[in-house]
Asker: 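Starting off with a structure, shown below.
The first residue of the sequence shown is numbered 1, and numbering continues consecutively from there.
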Amino acid sequence: MRKGVAGLIAAVGIATGGAVAVQAQNGAAPKTAPAKPALSRDILHVQVILDHLGFPPGPLDGREGPGLTAALKAFQITRQIPVTGKTDARTLQALHAHRAIRPTRIVRLTSEMLAGPFIRPWPRDAQAQAKLKTMGYRSALEKLAEMFHTTPQVLIELNSPDTRLAPGVPVEFPNAIPASQAFPADMKPEWRKTLTDLNVNAVQPKANRIVVDKSDKVLRVFDGKGMLAA
């Protein structure tokens with residue numbers, strides 16, 4: 001945990017190099033994954049605002065994708081503006097009212113944030129993962145990424161490969177910090193901890209109906225008037 005991000009990058013590099021070496025020995029040309037577009041802080045800002053408003057766009061990674069498109073469409077429906085799934089002028093104007101929600105926050109790490117449980121080795125099979133007794137992680141970096149609704153790679157991009165993961169170290173995160181964590185007093189302590197660890201906002205829309213649409217992989221929440229709420 002105290003090796004920081006650099007050690008994790010080195011481990012990934014060694015594993016990748018080994019795979020390429022094996023392919024070369026077998027006479028197969030190594031496949032090169034297409035390069036990801038650079039993280040855009042403007043897109044990240046849009047994603048963060050949508051996440052706070054109840055339209056999570058998937059990982060807060062500063063990149064366009066189907067999750068962001070779906071979130072923008074839902075936001076546009078609730079604001080009664082043309083549904084384009086794009087950050088067009090009308091949409092940016094509607095989002096501008098929430099510009100005080102900044103795209104990133106600097107947070108000093110705590111021992112609680114860096115605590116496990118860490119599961120090693122991590123089961124590769126999805127069914128085996130479902131049987132785990134707790135929501136664990138492979139590393140502190142992975143836990144931090146899930147806490148702030150992003151990916152380990154984005155945390156590396158926002159900071160430095162040499163960032164040390166230790167209590168007291170300031171780290172830049174996507175601003176997934178909720179406006180409130182005043183959960184009901186009768187909530188079980190273990191659920192309260194889970195929601196706190198995942199930076200879930202205590203203020204949530206009241207659902208009258210929930211629709212899961214497999215065609216576009218979106219869960220929609222409707223209020224008592226039949227209006228899209230989240």
Asker: Of all the heavy-atom pairs spanning Leu165 and Leu109, show the shortest one and how long it is.
Answerer: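 Closest pair (atom of Leu165, atom of Leu109, distance): CA-CD1, 3.8 Å.
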Asker: Counting N and O atoms only, with roles assigned by atom type, does the side chain of Asn201 sit under 3.5 Å from a partner on the main chain of Pro178, one being a donor and the other an acceptor?
Answerer: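 Side chain of Asn201 to backbone of Pro178, a donor-acceptor pair under 3.5 Å: no, none is there.
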Asker: Hey, what else clusters with Ile210 if you join Ile, Leu, Val, Met, Phe, Trp, Tyr whenever side-chain heavy atoms sit under 4.5 Å?
Answerer: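 Ile210 clusters with Val212, Leu219, Val221.
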Asker: So how far is it from Arg79 CZ to Leu53 CG, rounded to the nearest 0.5 Å?
Answerer: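 So the CZ of Arg79 and the CG of Leu53 are separated by 5.5 Å.
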Asker: Ring pair (Phe, Tyr, Trp, His ring centres under 6.0 Å): which pairs involve residues 80-117, sequence neighbours left out?
Answerer: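 Residue pairs passing ring pair (Phe, Tyr, Trp, His ring centres under 6.0 Å), neighbours aside: none found.
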Asker: Among pairs that include at least one residue of residues 47-67, which meet side-chain hydrogen bond (donor to acceptor under 3.5 Å, both in side chains), considering only residues two or more places apart or in two chains?
Answerer: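 As it turns out, the side-chain hydrogen bond (donor to acceptor under 3.5 Å, both in side chains) pairs with a partner in residues 47-67, which skip direct neighbours, are Gln47-Asp61, Asp51-His149, Arg63-Glu157.
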Asker: For the residue pair Gly116 and Lys143, what are the closest heavy atoms and their distance?
Answerer: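 So the two residues come closest at O-NZ, 3.9 Å.
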Asker: I need the Met227 CE to Phe222 CZ distance, nearest 0.5 Å.
Answerer: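 Between atom CE of Met227 and atom CZ of Phe222 there are 9.5 Å.
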Asker: Do Met113 and Val171 come close enough that some side-chain heavy atom pair is under 4.5 Å?
Answerer: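 Sidechains of Val171 and Met113: no contact.
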Asker: Indicate the atoms forming the closest heavy-atom contact of Ala128 with Pro123, along with that distance.
Answerer: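 Closest pair (atom of Ala128, atom of Pro123, distance): CB-CB, 3.8 Å.
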Asker: Does any non-hydrogen side-chain atom of Leu144 lie less than 4.5 Å from one of Leu114?
Answerer: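 Yes, at least one pair of side-chain atoms sits under 4.5 Å.
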Asker: Are more than 12 heavy atoms from other residues, nucleotides or ligands located less than 6.0 Å from atom CH2 of Trp191?
Answerer: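 Counting other residues, nucleotides and ligands, CH2 of Trp191 stays at 12 neighbours or fewer.
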Asker: Inspect the surroundings of CD in Gln129 and state if more than 12 heavy atoms from other residues, nucleotides or ligands are less than 6.0 Å away.
Answerer: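 Counting other residues, nucleotides and ligands, CD of Gln129 exceeds 12 neighbours.
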Asker: From Arg102 CZ over to Ile49 CD1, what is the distance, rounded to the nearest 0.5 angstrom?
Answerer: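 Spacing of CZ (Arg102) from CD1 (Ile49) equals 8.0 Å.
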Asker: Quick one: which residue pairs count as a salt bridge (Lys or Arg N to Asp or Glu O under 4.0 Å) with a foot in residues 178-195, not counting sequence neighbours?
Answerer: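 Salt bridge (Lys or Arg N to Asp or Glu O under 4.0 Å) check on residues 178-195 returns Lys193-Asp197.
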Asker: Which heavy atom in Ala230 sits nearest to a heavy atom in Leu228, and how many Å separate them?
Answerer: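 The pair with the smallest heavy-atom distance is O-CD1, 3.5 Å.
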Asker: Return yes when atom CE of Met187 has more than 12 non-hydrogen atoms of other residues, nucleotides or ligands closer than 6.0 Å, and no otherwise.
Answerer: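 Counting neighbours around CE of Met187, more than 12 heavy atoms of other residues, nucleotides or ligands fall under 6.0 Å, so yes.
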Asker: Kindly indicate whether the side chain of Leu39, heavy atoms from C-beta on, has any atom under 4.5 Å from the side chain of Val154.
Answerer: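 Heavy-atom side-chain distance check passes, below 4.5 Å.
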Asker: Could you list the residues that satisfy salt bridge (charged side-chain N to carboxylate O under 4.0 Å, His left out) with Asp213, not counting sequence neighbours?
Answerer: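 Partners of Asp213 under the salt bridge (charged side-chain N to carboxylate O under 4.0 Å, His left out) test: Arg220.
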Asker: Phe173 vs Phe148 aromatic rings, parallel, tilted or perpendicular, using cut-offs 30° and 60°?
Answerer: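 Because their plane-to-plane angle is under 30°, the rings of Phe173 and Phe148 count as parallel.
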Asker: Which residue pairs pass the side-chain hydrogen bond (donor to acceptor under 3.5 Å, both in side chains) test with at least one member in residues 221-230, sequence neighbours excluded?
Answerer: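 For residues 221-230, and leaving out neighbouring residues, there are no side-chain hydrogen bond (donor to acceptor under 3.5 Å, both in side chains) pairs at all.
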Asker: Do Leu72 and Val46 have side chains that approach each other closer than 4.5 Å (heavy atoms only, starting at C-beta)?
Answerer: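 Yes, at least one pair of side-chain atoms sits under 4.5 Å.
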Asker: Does any N or O in the side chain of Ser111 come within less than 3.5 Å of the main-chain N or O of Pro167, such that one atom is a donor and the other an acceptor?
Answerer: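 Between the backbone of Pro167 and the side chain of Ser111 there is no qualifying donor-acceptor contact (under 3.5 Å).
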Asker: Has Gln76 got a side-chain atom pairing as donor or acceptor with Thr91's backbone, closer than 3.5 angstrom?
Answerer: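 A pair under 3.5 Å: no.
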Asker: Supply the atom-to-atom distance Lys86 NZ to Thr69 OG1, rounded to the nearest 0.5 angstrom.
Answerer: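 Between atom NZ of Lys86 and atom OG1 of Thr69 there are 6.5 Å.
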Asker: Can you give me the closest heavy-atom contact between Thr104 and Arg41, atom names plus distance?
Answerer: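 Heavy-atom minimum between the residues: CG2-NH1, 3.8 Å.
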Asker: Within the side chain of Asn199, is there an N or O that forms a donor-acceptor pair under 3.5 Å with the backbone of Met147?
Answerer: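 Side chain of Asn199 to backbone of Met147, a donor-acceptor pair under 3.5 Å: yes, one is there.
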Asker: What is the distance from atom CG of Asp162 to atom CD1 of Ile156, rounded to the nearest 0.5 Å?
Answerer: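 Reported to 0.5 Å precision, the distance equals 10.5 Å.
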Asker: If you compare all heavy atoms of Phe183 against all heavy atoms of Val200, which two are closest, and at what distance to 0.1 Å?
Answerer: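 Minimum heavy-atom separation between Phe183 and Val200: CZ-O, 3.4 Å.
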